[in-house]
Amino acid sequence: MAGRDISREEALSRLDQKHACHILLYADSKAKLFGKIPIKHIVLMQMRFDGLLGFPGGLVKPSEESLEAGLSRELQEELGAAVSVSVNDYVSSHLAQSPPHLILHFYSKKITESVLLEIERAAVSNAVDHGFEVLGLTRVPLYTLRNGGGLPWFLSHSFISNSRAQLLEALRRLELVSPQNLEEAVKKAEEMRH
Ligand code: GTP
Ligand code: MN
Ligand code: MN
Ligand code: MN
Ligand code: MN
């Protein structure tokens with residue numbers, strides 16, 4: 001996805017443009033798939049109304065609210081839970097090429113497994129957007145099975161805007177997947193898409 005990264009300062013100087021904030025929420029976990037494959041971390045994304053994968057979050061109005069307050073408001077709508085977001089959770093800003101003039105701010109925040117499980121429940125039982133703008137929360141499989149199942153198949157799906165790049169960058173930066181496993185998963189995903 002084309003476009004370019006810009007600084008928070010440059011982003012906030014462009015108040016005439018549209019801004020959106022999205023967040024990667026994650027937790028450590030000791031749970032095992034099939035009782036043997038450690039899942040290690042739980043990373044949340046969502047299936048959007050348009051059939052694309054993306055992160056929870058949405059449009060904010062920096063002239064009326066802080067980026068973080070706007071993101072918290074979107075999370076209340078889409079997750080049905082209060083998630084406090086601070087500037088410490090800010091990661092990057094991106095000037096999207098399509099739609100033009102949209103500035104995309106990205107956040108990541110580590111939470112406990114029990115809080116994450118509560119958010120998953122609230123997303124179904126409490127979120128006003130459930131079944132409408134958001135079709136469901138989903139976890140990202142971070143492992144790769146021998147047949148290529150897991151992260152490679154997940155990455156072969158279709159993602160909104162630059163959310164796939166946001167995911168890959170975060171998995172690397174937060175060390176949720178080793179650089180080698182990530183590189184191999186991206187390569188496998190590429191083969192699957194062809
Ligand atoms: P409404 O409440 O219907 O207005 O939607 P929203 O405020 O929740 O906005 P949405 O989450 O769709 O985000 C606004 C725009 O940001 C989208 O049209 C996409 O172009 C882009 N976008 C959506 N999700 C993501 C994401 O996870 N990452 C990135 N980089 N961009 C996204
Ligand atoms: Mn949204
Ligand atoms: Mn929304
Ligand atoms: Mn909105
Ligand atoms: Mn909305």
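Here the structure is a predicted model, which means the values were calculated and not measured. Only heavy atoms go into these numbers, but all of them, side chains included; no hydrogens, no water, no symmetry mates. Both counts, for ligands and for their atoms, begin at 1 and track the order of listing.
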For [atom], what's the nearest protein heavy-atom neighbour? Residue, atom name and distance, please.
atom                    : value
atom 24 (N) of ligand 1 : H22 NE2, 3.1 Å
atom 5 (O) of ligand 1  : E133 OE1, 3.5 Å
atom 8 (O) of ligand 1  : E78 OE2, 2.8 Å
atom 28 (N) of ligand 1 : Q166 OE1, 2.8 Å

Problem set entry | Mutual orientation of the aromatic rings belonging to H19 and H105 [parallel < 30°, tilted 30-60°, perpendicular > 60°] |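 Judged by the thresholds at 30° and 60°, the geometry between H19 and H105 is parallel.
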Exercise. With sequence neighbours excluded, what pairs up with D50 under the salt bridge (charged side-chain N to carboxylate O under 4.0 Å, His left out) test?
Worked result: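 Listed in chain order: R48.
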Can you list the atoms of ligand 1 that are under 4.0 Å from a heavy atom of [X]?
X    : value
F55  : 26 (C), 27 (O)
S163 : 26 (C), 27 (O), 28 (N), 30 (N)
G57  : 8 (O), 11 (O)
G54  : 27 (O)

Exercise. In E78, what N, O or S atom is nearest to the Mn ion (ligand 3), if we give its atom name?
Worked result: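 That would be atom OE2.
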Exercise. Is the Mn ion (ligand 4) less than 2.8 Å from at least one N/O/S atom of E74?
Worked result: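 Here the distance criterion (N, O or S atom, under 2.8 Å) is met by E74, so yes.
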Exercise. If hydrogens are left out, which of N162, L104, I23 has an atom nearest to atom 30 (N) of ligand 1, that is, the closest non-hydrogen atom?
Worked result: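 When every heavy atom of N162, L104, I23 is considered, N162 comes closest to atom 30 (N) of ligand 1.
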For this session: Identify which of A20, G58, A165, S92 has a heavy atom lying nearest to atom 6 (P) of ligand 1.
Result: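 Among A20, G58, A165, S92, the closest heavy atom to atom 6 (P) of ligand 1 belongs to G58.
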How long is the span from the [atom1] atom in [X] to the [atom2] atom in [Y], to the nearest 0.5 Å?
X    : Y    : atom1 : atom2 : result
H94  : S161 : NE2   : OG    : 6.0 Å
I39  : K30  : CD1   : NZ    : 12.0 Å
L182 : L171 : CG    : CG    : 6.0 Å

Problem set entry | Under 3.5 Å side-chain donor-acceptor pair for R14 and Q17 |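 Side chains of R14 and Q17: pair found under 3.5 Å.
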Problem set entry | Distance-only polar pair, side chains of Y90 and E68, donor-acceptor under 3.5 Å |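 Checked: Y90/E68 side chains show no N/O donor-acceptor pair below 3.5 Å.
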Polar contact flag for [X] and ligand 1 (N/O pairs, less than 3.5 Å):
X    : answer
I160 : no
L59  : yes
E77  : no

Exercise. For the residue pair V87 and R8, what are the closest heavy atoms and their distance?
Worked result: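 Nearest heavy atoms, V87 then R8: CG1-NH2, 3.5 Å.
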Exercise. Using a heavy-atom cut-off of under 4.0 Å, does the side chain or the backbone of L102 touch ligand 1, or both, or neither?
Worked result: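 The answer is the side chain.
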Exercise. Is there a donor-acceptor pair closer than 3.5 Å between any side-chain N or O of K109 and the backbone N or O of S84?
Worked result: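 Checking the backbone N and O of S84 against the side chain of K109, a donor-acceptor pair under 3.5 Å is found.
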Exercise. Are F154 and F159 close enough that their ring centres sit under 6.0 Å apart?
Worked result: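 Yes, ring centres under 6.0 Å apart.
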Exercise. Is the centre of the F106 ring less than 6.0 Å from the centre of the F55 ring?
Worked result: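 That pair passes the under 6.0 Å test.
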For this session: Going by the side-chain contact (heavy atoms from CB on, under 4.5 Å) test, name the single residue among N126, I23, L25, V134 that passes it with L79.
Result: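 Exactly one pass, corresponding to L25.
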Exercise. Does some non-hydrogen atom of M45 fall short of 4.0 Å from ligand 1?
Worked result: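 The answer is no: ligand 1 sits nowhere under 4.0 Å from a heavy atom of M45.
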Exercise. Looking only at heavy atoms of R48, does any of them come nearer than 4.0 Å to an atom of ligand 1?
Worked result: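 R48 counts as a contact of ligand 1 under the 4.0 Å cut-off.
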Exercise. Is there a protein heavy atom less than 4.0 Å away from atom 18 (O) of ligand 1?
Worked result: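 It does not; no protein heavy atom is within 4.0 Å.
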